[in-house]
*Asks:* 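First the structure, which I've put down as structure tokens, then a few questions once you've had a look.
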Amino acid sequence: MSMKTVLDPTASSTTAGTVELRDVTKSFATNDGNHLVLRDITLSIPPRHIVAIIGASGSGKSTLLRLVAGLGDGPTTGEATIDGTTIAEYDSRCGVAFQEARLLPWRSVFENVSLGLPKGTAKDAGEARVRHLLELVGLDGFADHRPREISGGMAQRASLARALARNPEVLLLDEPFGALDALTRLRMHDLLLEVHAASPTTVLFVTHDVDEALKLADTVLVLGTQKRPATATRDAERVPGATVIDVVQPRELRPRSTTSREFAELRHRLLDNLGVQLSSEA
Ligand SMILES: Nc1ncnc2c1ncn2[C@@H]1O[C@H](COP(=O)(O)OP(=O)(O)OP(=O)(O)O)[C@@H](O)[C@H]1O
């Protein structure tokens with residue numbers, strides 16, 4: 001993509017946010033009582049950082065992401081802030097995209113992306129911003145298409161553009177590439193890094209893919225449960241609630257080689273943390 005897309009004449013002066021969670025727990029009321037999903041989450045994510053969240057299925061990755069986005073009713077205990085201010089419900093400082101593009105089928109691509117604009121955006125400025133974003137994600141020729149007329153990868157790019165239309169301080173992506181074919185996925189990796197270079201935002205994304213996490217992120221957070229030590233009368237058991245069980249920060253700068261020694265070592269460590277048994281040559 002050309003460098004001209006990097007210069008956005010319509011961008012507001014929004015800066016990237018610092019995300020902080022302090023002693024956060026999250027539980028849900030169920031028929032069997034309270035279900036503790038997250039516990040003891042304390043973390044500080046600096047502006048412009050890209051953070052990947054990985055963990056076994058059900059370990060609370062989406063729950064953590066939703067907490068930062070202000071979706072749902074917030075932490076059960078503890079504090080979650082952006083730039084020192086408590087995260088509000090549907091916090092306007094956040095832009096969110098999900099595994100499914102969730103576009104309105106009866107609206108054009110242009111109109112769908114426009115839905116992400118902050119309330120009260122002037123018409124001309126809004127249109128210019130949406131045109132810019134469509135160019136940034138390579139959809140400038142598809143503004144008038146309906147969602148059914150574009151591919152899954154294109155729909156996902158439109159969903160990313162809609163999240164960016166808010167000019168978010170924090171961009172939250174829940175398995176954004178999970179439903180895409182391998183080639184489209186690789187292209188989306190490049191696109192995310194281009195978007196990140198072009199718009200100064202802090203990014204948190206959930207993924208199941210260790211390679212994707214290591215390739216894109218400054219920091220990889222691993223969510224999981226911890227074992228309580230075994231005692232004479234009790235076998236080792238898992239402490240309820242997932243927490244951050246490992247933090248990995250690749251030293252190599254992006255774009256990262258997936259064939260480097262560091263990559264291989266970190267990959268091994270992450271898979272081990274996820275309980276994936278590797279053969280000796282892996
Ligand atoms: N609104 C809710 N009400 C009750 N339980 C919930 C709610 N949201 C999440 N949970 C529970 O929290 C746990 C973690 O769910 P979550 O979706 O955050 O995990 P995940 O790591 O993102 O999983 P996956 O990788 O399968 O998407 C699950 O047991 C889920 O049932």
Side-chain angles (χ1 to χ4, degrees), residues 1-7 16 19 43-57 59 61 64-65 97 99 135-139 151-154 156-157 159-161 163-164 170-224 244-282:
M1 224 157 279
S2 66
M3 282 305 286
K4 74 180 160 73
T5 59
V6 170
L7 302 169
V19 176
L43 50 92
S44 177
I45 302 170
R48 288 185 68 84
H49 227 63
I50 301 183
V51 175
I53 304 166
I54 65 170
S57 186
S59 60
K61 303 181 292 298
L64 181 60
L65 201 82
Q99 181 169 351
E135 196 182 331
L136 183 66
V137 301
L139 287 177
S151 69
M154 290 160 94
Q156 205 51 2
R157 281 187 269 153
S159 156
L160 181 61
L164 289 167
V170 184
L171 179 64
L172 298 151
L173 307 170
D174 197 347
E175 290 193 57
F177 318 125
L180 304 175
D181 65 84
L183 185 58
T184 310
R185 210 175 164 120
L186 291 178
R187 290 203 182 114
M188 290 294 285
H189 292 167
D190 292 342
L191 176 65
L192 181 65
L193 295 181
E194 272 177 50
V195 162
H196 185 250
S199 24
T201 177
T202 307
V203 179
L204 266 79
F205 73 99
V206 167
T207 181
H208 276 111
D209 183 339
V210 164
D211 288 9
E212 184 169 281
L214 284 174
K215 186 175 158 191
L216 300 177
D218 298 299
T219 301
V220 183
L221 301 177
V222 186
L223 287 183
V244 177
I245 56 168
D246 199 7
V247 178
V248 167
Q249 295 184 310
R251 285 188 306 272
E252 209 179 310
L253 294 176
R254 285 187 298 264
R256 271 181 211 124
S257 156
T258 52
T259 52
S260 73
R261 189 192 169 97
E262 185 193 36
F263 198 97
E265 282 170 4
L266 294 179
R267 184 172 188 273
H268 198 286
R269 171 168 153 188
L270 290 176
L271 288 172
D272 199 34
N273 272 324
L274 294 173
V276 178
Q277 303 296 318
L278 296 169
S279 61
S280 55
E281 70 274 13

*Asks:* Taking the side chain as C-beta and beyond, is there a heavy-atom pair between Leu223 and Leu64 under 4.5 Å?
*Replies:* yes
*Asks:* Decide yes or no for Leu173 and Thr207: does some side-chain heavy atom of the first lie under 4.5 Å from some side-chain heavy atom of the second?
*Replies:* no
*Asks:* Please determine if Arg254 and Asp218 form a salt bridge, counting it only when a charged side-chain N lies under 4.0 Å from a carboxylate O.
*Replies:* yes
*Asks:* Return the orientation label for the Phe205 and Phe177 ring planes: parallel under 30°, perpendicular over 60°, tilted otherwise.
*Replies:* tilted
*Asks:* Determine whether Ser257 and Thr259 satisfy the following criterion, side-chain hydrogen bond (donor to acceptor under 3.5 Å, both in side chains), listing intermediate values before the conclusion.
*Replies:* CA-CA 5 Å; Ser257 156; Thr259 52; 2.9 Å; yes
*Asks:* If you define the side chain from C-beta out and look only at heavy atoms, does anything of Leu186 sit under 4.5 Å from Asp190?
*Replies:* no
*Asks:* Atom OG of Ser199 and atom CG of Leu136: how far apart are they, to the nearest 0.5 Å?
*Replies:* 6.5 Å
*Asks:* Would you say the side chains of Glu252 and Ser260 form a donor-acceptor pair under 3.5 Å?
*Replies:* yes
*Asks:* Between Leu214 and Arg256, what is the shortest heavy-atom contact and its length?
*Replies:* O-NH1, 2.7 Å
*Asks:* Verify, without hydrogens or angle tests, whether Arg157 (side chain) and Val137 (backbone) share a donor-acceptor contact under 3.5 angstrom.
*Replies:* yes
*Asks:* When you compare the side chain of Ile50 with that of His196, does any pair of heavy atoms fall below 4.5 Å?
*Replies:* yes
*Asks:* Please test Leu216 against His189 for side-chain contact (heavy atoms from CB on, under 4.5 Å), starting from the C-alpha separation and ending with a verdict.
*Replies:* CA-CA 7 Å; Leu216 300 177; His189 292 167; 3.7 Å; yes
*Asks:* Does Glu262 reach the main-chain N or O of Pro250 with its side chain, forming a donor-acceptor pair under 3.5 Å?
*Replies:* no
*Asks:* Checking the side chain of Arg267 only, and the main-chain atoms of Phe263 only, is there a donor and an acceptor separated by less than 3.5 Å?
*Replies:* no
*Asks:* For the CD atom of Gln156 and the CG atom of Leu191, what is their distance to the nearest 0.5 Å?
*Replies:* 10.5 Å
*Asks:* Measure the CG-CG distance between Asn273 and Leu266 for me, rounded to the nearest 0.5 Å.
*Replies:* 11.0 Å
*Asks:* Has the side chain of Thr202 got a donor or acceptor atom that lies under 3.5 Å from a matching backbone atom of Arg48?
*Replies:* yes
*Asks:* Give the intermediate values and the outcome of side-chain contact (heavy atoms from CB on, under 4.5 Å) for residues Val51 and Val203.
*Replies:* CA-CA 6 Å; Val51 175; Val203 179; over 6 Å; no
*Asks:* Rounded to the nearest 0.5 Å, what separation is found between the NZ atom of Lys61 and the CD atom of Glu175?
*Replies:* 6.5 Å
*Asks:* Checking Val244 against Val222 for the side-chain contact (heavy atoms from CB on, under 4.5 Å) test, could you report, in this order, the C-alpha distance in whole Å, the side-chain angles of both residues, the deciding distance, and whether it holds?
*Replies:* CA-CA 6 Å; Val244 177; Val222 186; 6.0 Å; no
*Asks:* Would the distance check show the side chain of Arg187 and the main-chain N or O of Gly153 forming a donor-acceptor pair, the cut-off being under 3.5 Å?
*Replies:* no
*Asks:* With a 4.5 Å limit on heavy-atom distance, are the side chains of Ile245 and Leu221 in contact?
*Replies:* no
*Asks:* Below 4.0 angstrom, N of the basic side chain to O of the carboxylate: do Arg269 and Glu265 qualify?
*Replies:* no
*Asks:* Taking all atoms of both residues into account, what is the closest heavy-atom pair of Pro47 and Ala16, and its distance?
*Replies:* CB-O, 3.7 Å
*Asks:* What's the shortest heavy-atom distance between Ala213 and Ile54, and which atoms?
*Replies:* CB-CG2, 4.0 Å
*Asks:* With a 4.5 Å cut-off on side-chain heavy atoms, are Met188 and Leu180 touching?
*Replies:* yes
*Asks:* Are any non-hydrogen side-chain atoms of Thr219 and Ile45 less than 4.5 angstrom apart?
*Replies:* no
*Asks:* Salt bridge or not between Arg185 and Glu212? Use side-chain N to carboxylate O under 4.0 Å.
*Replies:* yes
*Asks:* Any side-chain heavy atom of Leu160 within less than 4.5 Å of one from Pro176?
*Replies:* no
